[in-house]
Protein chains: 2
Amino acid sequence: MEELNKKILLVEDDPNFGTVLKDYLTMNEYTVVHAKNGMEGFEKFKKDDFDLCILDVMMPYKDGFTLAKEIREKNADVPIIFLTAKAMKEDVLKGYKVGADDYLNKPFDSEVLLMKIKAIMQRKATDSVADSKQFEFKIGKFDLNSKLRFLKFNGGEPVKLSPKENELLRLLALHENDLMPRELALTKIWRDDNYFTSRSMDVYIAKLRKYLKPDENVEILNIHGEGFRLVVNQNA
Amino acid sequence: MEELNKKILLVEDDPNFGTVLKDYLTMNEYTVVHAKNGMEGFEKFKKDDFDLCILDVMMPYKDGFTLAKEIREKNADVPIIFLTAKAMKEDVLKGYKVGADDYLNKPFDSEVLLMKIKAIMQRKATDSVADSKQFEFKIGKFDLNSKLRFLKFNGGEPVKLSPKENELLRLLALHENDLMPRELALTKIWRDDNYFTSRSMDVYIAKLRKYLKPDENVEILNIHGEGFRLVVNQNA
DNA sequence: TGTACCCTTTAACCTTACATTAACAAAAAT
DNA sequence: ATTTTTGTTAATGTAAGGTTAAAGGGTACA
């Protein structure tokens, strides 16, 4: 299950360490937003919804605890993991007071961090069924349920979609009536942009067109050399 | 939220350290049962209900991990904290695999332990409010009593379920009509996600399907690569 | 101290689901 | 006119799932 990548806010002022950590997490299927200090961290937090925050404690301007408090005021539930330079008792206690879910002493093992992230996400997973609406799309007379991977026509029998079909259609739906660049799908879904993945994508476009045939007001147009466009004609 | 004293099982072979720790926790309003080794620990665990287990990893006869696994078989939910002699990565990862909630490196600060205990108890308190009551499910024409582990069809004779059958069906029921991710069942019920546990789970799905056959409006669907979905068709 | 029983895992074999690649046709661009 | 890009169908190989049976392990009870 790596359906949607969870979004992580990483606030770390050391540019080298921060970048490496971000890349490592990205490699592990997480979407990471990296802020270089507490101020920036809070700005980014306000602008987006995160599944987890990883905060460095020692930072200029605004330390991790202060940031955590602000974050808690906005959202009492986001899990927070602190990165502390050393095992200072005061830090640890302070961290728990502001509602830390865990903390790690630098230097730490990246695998351990991953385990902690997984454990925490799972803990939260059960009660976050709330935002399931993000996976449901209306496309003309079709209903796409992108979480359960099926497509219904006129409220009838659902047709099962394969993972790739599903993700591609979802991406098209997200850009409904607008250009969905080839490159976007290839990097997001295929994670590689070359001749073969590109051909593979064309095959999937053909499959989707078949699925969408029942509604003649829905079609996938090609924009030569650019990408595809999911069009829904609204005739009254 | 002031409630009755939480009961803690402390398994620690060092008599001096164990006694001191027990006294310290007792002073802090916890009821502590102290076992001197893994064997004794498991005996005491079976005889009582605990809110938390604190297990030393290094113990003669039966180490903390082995004990944890046994405990998990009896009770999938008790929080477990490990005490490890040093920060060995393998130990930490192993701990998480058997479902640790936290771990502490000796020597540790007693106040830190207290905070962790509080944090964990609180966590359990909040998310167990949600689903602790849920041991009874109506699944189409079936009634599942997950506490007594039986399944009734049309109010008839109850069929006994094994622990794994029961937990799996319960998890599916909790996600009725929605995706129940493979990984969730594997980590929650099997406590490990590998090829074999995964196959084992498939075997259990087959068993459940047999049980559910009498009601043709109830079925367990597979979502390839994601998990399963317990569907109840409501036709009037 | 077996041995009968229950539960779980492992094995085996088969089916289905998916993604990629190939192959060839049709459009579009140059 | 010919090279690129796209449309579409079919073939292939691999991975995941379905199911049944046998093996393994623990427990209770004779």
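Small disclaimer: the values here were computed from a predicted structure and weren't measured. Labels below follow one simple rule: chain letters A, B, ... track the order of the sequence lines, proteins then strands, and each chain is numbered from 1.
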Measure from [atom1] on [X] to [atom2] on [N] and round the result to the nearest Å.
X        : N      : atom1 : atom2 : answer
A/Met201 : C/dA22 : CE    : C1'   : 20 Å
A/Glu226 : C/dA29 : CD    : P     : 11 Å
B/Ile223 : C/dC18 : CD1   : P     : 10 Å
B/Asn194 : C/dT9  : CG    : P     : 10 Å
A/Phe196 : C/dA23 : CZ    : P     : 11 Å
B/Ile205 : C/dT16 : CD1   : P     : 19 Å
B/Leu168 : C/dT8  : CG    : C1'   : 13 Å
B/Trp190 : C/dC7  : CH2   : P     : 14 Å

Determine the contact category for [X]: base if any of its heavy atoms lies under 4.0 Å from a base atom, sugar-phosphate if only primed atoms, P, OP1 or OP2 are that close, otherwise nothing.
X        : result
B/Phe228 : sugar-phosphate
B/Lys160 : nothing
B/Asn222 : sugar-phosphate
A/Arg199 : base
B/Ser200 : base

Is B/Ser162 close enough to C/dC6 that one of its side-chain N or O atoms is under 4.0 Å from OP1 or OP2 there? no
Respond yes when some side-chain nitrogen or oxygen of B/Arg149 is under 4.0 Å from OP1 or OP2 of C/dC6, and no when none is. no
Less than 4.5 Å apart, side chain to side chain, heavy atoms only: is that true for A/Leu9 and A/Leu52? no
Regarding [X] and [Y], does a basic nitrogen lie under 4.0 Å from an acidic carboxylate oxygen?
X        : Y        : value
A/Asp143 : A/Lys138 : yes
B/Lys207 : B/Asp202 : no
B/Lys7   : B/Asp49  : no

B/Asp23 versus B/Thr26, side-chain donor and acceptor atoms under 3.5 Å: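 B/Asp23 and B/Thr26 do not have a side-chain donor-acceptor pair below 3.5 Å.
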Kindly state whether the ring of B/Phe65 and the ring of B/Phe82 have centres lying under 6.0 angstrom apart.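 Yes, ring centres under 6.0 Å apart.
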For chain A and DNA chain D, what are the first and last nucleotides along the strand, 5' to 3', with at least one atom under 4.0 angstrom from a heavy atom of the protein chain?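 Contact boundaries, 5' end first: D/dT5 to D/dT9.
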Name the residue closer to the 5' end of DNA chain D, choosing between A/Asp202 and A/His224 according to the nucleotide with the nearest heavy atom.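 Counting from the 5' end, the first nearest nucleotide belongs to A/His224.
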Using heavy-atom distances to pick each residue's nearest nucleotide on DNA chain D, tell me which of A/Gly225 and A/Lys207 is more 5'.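 Comparing both residues, the 5'-ward one is A/Gly225.
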Look at the side chain of A/Lys164 and decide which nucleotide, out of C/dT20, C/dA29, C/dC7, has an atom nearest to it. C/dT20
Degree of bending, the helix from C/dT1-D/dA30 to C/dT30-D/dA1 (end axes from five pairs; round to 10°):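 If I round to tens, the end axes sit 20° apart.
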